[in-house]
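Everything on this sheet refers to the single structure shown next.
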Amino acid sequence: MLLYLVSHAFSRSALMEFIPLIQETIGVFRDRLDGFCSSQGAFFDALPWFNYLAFDILSDLAFGERIGMLEKGSDVVTIQRPDNTLVEENAISLVDEREHFAAVLGLVHPVLQNIATRMPFLAGQKATSALEELARQHVLKRLESGTRRDDILGKLILARGFDQREPGEEEVRELTAEAVTLLIAGSDTTSNSLAVILHLICTHPGVYEKLLAMLFEVCDGDSYERAKDVPYLQATINEALRIHSITAIGLHRSAPPGGLVVEGRYFEEGTKLSVPAWTTNHDSILWGDPENFRPERWLEDGNLKQYLLAFGKGPRACIGQNLALIEITSIVSMMLLRYKIEVRDSRLETTEGFMHKPVEFSIRLEFR
Ligand code: HEM
């Protein structure tokens, strides 16, 4: 049910309606980055700012309003507990905590998984509840206001007919679960991918110069409309997502009733199988020279997309990939066109858990 209704909110026409909202938030991000240009060219960690940006874009679409991290320059949010007390939490840490919890749970026996999900005092469970409470207060505010707005929450409200009748408690819970799933799935995947893509571009001068020349040729401002039609930019994004897949492990699938034969090998029903994204994206049979960051390969061979495992594959592939690509195209082109970007470290330090994330992304900006 959840995915059926949510997928409707990610149709091509729906995504087009979201673009002005996304651009507005990118405008706030741009103003904050402008501030770093005037701070005597000091290096700063751009990663938290990508996190604020991705959170603000996603909360604007899925909660119906921006959490406002960019304006505050902080991820601290006020959450109203069920007993009406107010607490301050770091929302990005909550997502990290929840992700870590999910990664550990994924490795243990299903019986232990069941037990762990019934223990509200575990840090991962507390983080999940806090994020749900945060989503719930925004969803309720929107339902009570009766505001109509072309965002993801608006599409879900219309699809459920909540513009015509009041939802029951269980339905509010479901709506909240949808909003929070999207926030979790779509925020730090996008922000970490942004850091990886820009790091790869900036540490490969040949790609940087070529991409910049092509963007300047067609773009007169911070225009997504023009940037999306620059094939070398799309090739660069694909190549960066291939060489550094944020979701490096492949989420598992269960072998169907009757079992499954893969490459001549039989797996009995219920066997958990997964295709590791990092390994596939670095397979020399598929890519020839997989360790080289070479966007040109995507223009030389139009069939490569079928092998890219950045967003998963099949009916349970990432529902937000087109939204993510709109965000990434807009942000990367805006930053390259507006600033000279210098990265401090040629090697991007990363940490591996459920995701393969950069630890920081230290850059210096100067106006062009
Ligand atoms: C660069 C950014 C992103 C990356 C790398 C990414 C990657 C992924 C991957 C690898 C999966 C698992 C797919 C599979 O198992 O086959 C997934 C699932 C999912 N993603 Fe994304 N994602 C990104 C952005 C987003 C955004 C922006 C949203 C929503 C606003 C989103 C929503 C989801 C949802 C709801 C699922 C679960 C789909 C299901 O279970 O059927 N993702 N994503």
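In each ligand, atom 1 is the first atom listed, and ligand 1 is the first ligand listed. Just so we're clear, the structure is a prediction, and the values are computed from it rather than from any experiment.
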For ligand 1, is R253 a contact, meaning one of its heavy atoms is under 4.0 Å away?
yes
Could you tell me, atom by atom, which parts of ligand 1 come under 4.0 Å of a heavy atom of R316?
13 (C), 14 (C), 15 (O), 16 (O), 38 (C), 39 (C), 40 (O), 41 (O)
Quick test of your reading of the structure: of L182, T189, L61, whose heavy atom lies closest to atom 23 (C) of ligand 1?
T189
Show the atoms of ligand 1 that are less than 4.0 angstrom away from any heavy atom in G312.
10 (C), 13 (C), 14 (C), 16 (O)
Ligand-side contact atoms (ligand 1) for residue partner F10, heavy atom cut-off under 4.0 Å
29 (C), 30 (C)
Between R344 and R364, is there a donor-acceptor pair closer than 3.5 Å when you use the side chain of the first and the backbone of the second?
no
Any idea which atoms of ligand 1 are less than 4.0 Å away from a heavy-atom of T247?
10 (C)
Where ligand 1 meets S193 - atom numbers and elements under 4.0 angstrom, heavy-atom basis
1 (C)
Distance under 6.0 Å and angle within 45° of the ring axis: does R32 meet both against W49?
no
Would you say the side-chain atoms of S191 and N51 include a donor-acceptor pair closer than 3.5 Å?
yes
Give a yes-or-no answer on whether the side chains of Q80 and N84 include a donor-acceptor pair shorter than 3.5 Å.
yes
Verify whether one side chain among Y339 and D34 offers a donor that lies under 3.5 Å from an acceptor in the other.
yes
Donor + acceptor pair across side chains of S274, R253 (<3.5 Å):
no
Show the atoms of ligand 1 that are less than 4.0 angstrom away from any heavy atom in L58.
30 (C)
R136: partners by salt bridge (charged side-chain N to carboxylate O under 4.0 Å, His left out), with sequence neighbours left out:
E169
Sub-4.0 Å heavy-atom approach of I319 to ligand 1
yes
Check each atom of ligand 1 against the heavy atoms of L251 and keep those under 4.0 Å away; list them by number with element.
12 (C), 15 (O)
Element-labelled atoms of ligand 1 that are located less than 4.0 Å from some non-hydrogen atom of K313:
16 (O)
Centroid-to-centroid, H356 to W278, below 6.0 Å?
yes
Measure T190 to ligand 1 on non-hydrogen atoms and call it side chain, backbone, both or neither using the 4.0 Å cut-off.
both
Donor on one side chain, acceptor on other, W298 and Q234, under 3.5 Å:
no
I want to confirm something. Looking only at heavy atoms, which of A248, A310, A317 is nearest to atom 5 (C) of ligand 1?
A310
